[in-house]
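Data block below; observations after.
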Number of protein chains: 2
Amino acid sequence: MLPGMFDKTEDRPASSRLLLDQIADKWSILVLGALCTGPLRFNALKRSLDGVTQASLTQTLRRLERNGIVERMVISTSPIAVEYVITPLGRSLEPLFHSIDDWTRTSLPEVEAARRRFDERRRT
Amino acid sequence: MLPGMFDKTEDRPASSRLLLDQIADKWSILVLGALCTGPLRFNALKRSLDGVTQASLTQTLRRLERNGIVERMVISTSPIAVEYVITPLGRSLEPLFHSIDDWTRTSLPEVEAARRRFDERRRT
DNA sequence: CAGAATCCCTTAGGATACTG
DNA sequence: CAGTATCCTAAGGGATTCTG
């Protein structure tokens, strides 16, 4: 595990950035998306993400758990099972993510056009 | 400048992440927030941000410009002046950012409570 | 099964110095 | 004023190996 991951003395970023600092890492959104349809166990989650390493997934889940976005439920069978469930707080992010997704979809062509213009100006 | 910054062969991330990969860096949202009230020149922008280095600000502005979120207007005086203006595409992000900000403000207490619980469980 | 520990490489971004 | 050019460090995250 990364040292200092659970430091309690973290500096408070500007409030607009608080969410993003914690949620906008490489996998969080995809994890949330996967859990929105129902609880999943660790390896099921890992398979549904495709590309994530178990170290990164663990790290992502710990952060989401710490922030109250997902809940980790240990089922004491043998071998052990762990289910991850989205919390109400996590669910409250759904509309936000949908808005982001909508914006992305509708604006993508315009963004790509802008990129082409920019790159063209640079090339000459 | 960072090598590969303007690569045209960038891989396309999952669409939900496209926006975030480009906008959720350390300074973009704050830059957008500052420019929403009106155009600003480079150093004015730098002062209004407080803490950003000029290298990071330049990098942030170039990316926003490339994605069509801000426009860079050179005013050929002496010494040279440069104004940064938000584009209509950039403005279309405003409601999104407000939503993020709202979520952050209303959910912050709950997030912090979750963090305390998590850290407490860990400590023992 | 669900991780923890370790190694390693890449990148973001701060500090600093210089320029048209 | 508005950058560019370097150097440098810290953190993210992939790959791999080990364990209760």
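Throughout, a chain's letter reflects where its sequence line sits, starting with A, and its residues are numbered from 1.
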request  = Show your working on side-chain contact (heavy atoms from CB on, under 4.5 Å) between B:Leu64 and B:Leu32 and close with a plain yes or no.
outcome  = CA-CA 9 Å; B:Leu64 291 174; B:Leu32 263 295; 3.6 Å; yes
query = So which of residues 40-56 of chain B are in contact with DNA chain D, with a heavy-atom cut-off of under 4.0 Å?
reply = B:Arg41, B:Phe42, B:Asn43, B:Gln54
query = In whole angstrom, what separates B:Arg62's CZ from D:dA2's P?
reply = 12 Å
query = Rounded to whole angstrom units, what separation is found between the CG atom of B:Leu57 and the P atom of D:dA2?
reply = 10 Å
query = Which residues in residues 67-82 of chain B have at least one heavy atom lying under 4.0 Å from any atom of DNA chain C?
reply = none
Interatomic distance where CG belongs to A:Asp25 and C1' belongs to C:dA12 [whole Å] = 15 Å
request  = Let me know the distance between NZ of B:Lys26 and P of D:dA11, rounded to the nearest Å.
outcome  = 11 Å
request  = Test side-chain contact (heavy atoms from CB on, under 4.5 Å) on A:Phe42 and A:Thr58 and set out the steps.
outcome  = CA-CA 9 Å; A:Phe42 187 86; A:Thr58 299; 3.6 Å; yes
query = Between atom CD in A:Glu83 and atom P in C:dC1, what is the gap in whole Å?
reply = 14 Å
message = Does A:Leu19 form a side-chain contact (heavy atoms from CB on, under 4.5 Å) with A:Leu96? I'd like the steps, not just the answer.
response = CA-CA 11 Å; A:Leu19 167 64; A:Leu96 213 53; 3.9 Å; yes
message = When you measure from the side-chain N and O atoms of B:Tyr84 to the phosphate of D:dC1, is any distance below 4.0 Å, counting only OP1 and OP2?
response = no
key: Closest contact, heavy atoms only, A:Ile80 versus A:Val74   = CD1-CG1, 3.8 Å
request  = Could you note down all residue pairs passing side-chain hydrogen bond (donor to acceptor under 3.5 Å, both in side chains) where residues 72-89 of chain B supplies at least one of them, sequence neighbours left out?
outcome  = B:Arg62-B:Tyr84, B:Arg72-B:Tyr84
message = Considering only residues two or more places apart or on different chains, which pairs with a residue in residues 41-52 of chain B satisfy salt bridge (charged side-chain N to carboxylate O under 4.0 Å, His left out)?
response = none
query = Would you call A:Arg115 and A:Glu112 a salt bridge, taking side-chain N to carboxylate O under 4.0 Å as the test?
reply = no
inquiry  = How many whole angstroms separate atom CD of A:Gln22 from atom P of D:dG12?
reply    = 10 Å
query = Which atoms form the tightest heavy-atom contact between B:Leu49 and B:Leu30, and what is the distance?
reply = CD1-O, 4.1 Å
ask   = Between the two ends of the helix from C:dC1-D:dG20 to C:dG20-D:dC1, what is the bend in degrees, rounded to 10 degrees, where each end axis spans five pairs?
value = 50°
ask   = Say you draw a straight line from CG of B:Asp101 to NE2 of B:His98; how long is it, rounded to the nearest 0.5 Å?
value = 7.0 Å
inquiry  = Applying salt bridge (Lys or Arg N to Asp or Glu O under 4.0 Å) to A:Glu120 and A:Arg117, what does each step give before you reach the verdict?
reply    = CA-CA 5 Å; A:Glu120 184 58 26; A:Arg117 282 196 303 276; over 6 Å; no
remark   = note: B:Gln59, atom CD; D:dA5, atom P; distance rounded to Å ~ 14 Å
query = So which pairs with a foot in residues 26-39 of chain B pass side-chain hydrogen bond (donor to acceptor under 3.5 Å, both in side chains), sequence neighbours left out?
reply = B:Asp25-B:Ser28
message = In whole Å, I'd like the distance from the CG atom of B:Asp21 to the P atom of D:dG13.
response = 10 Å
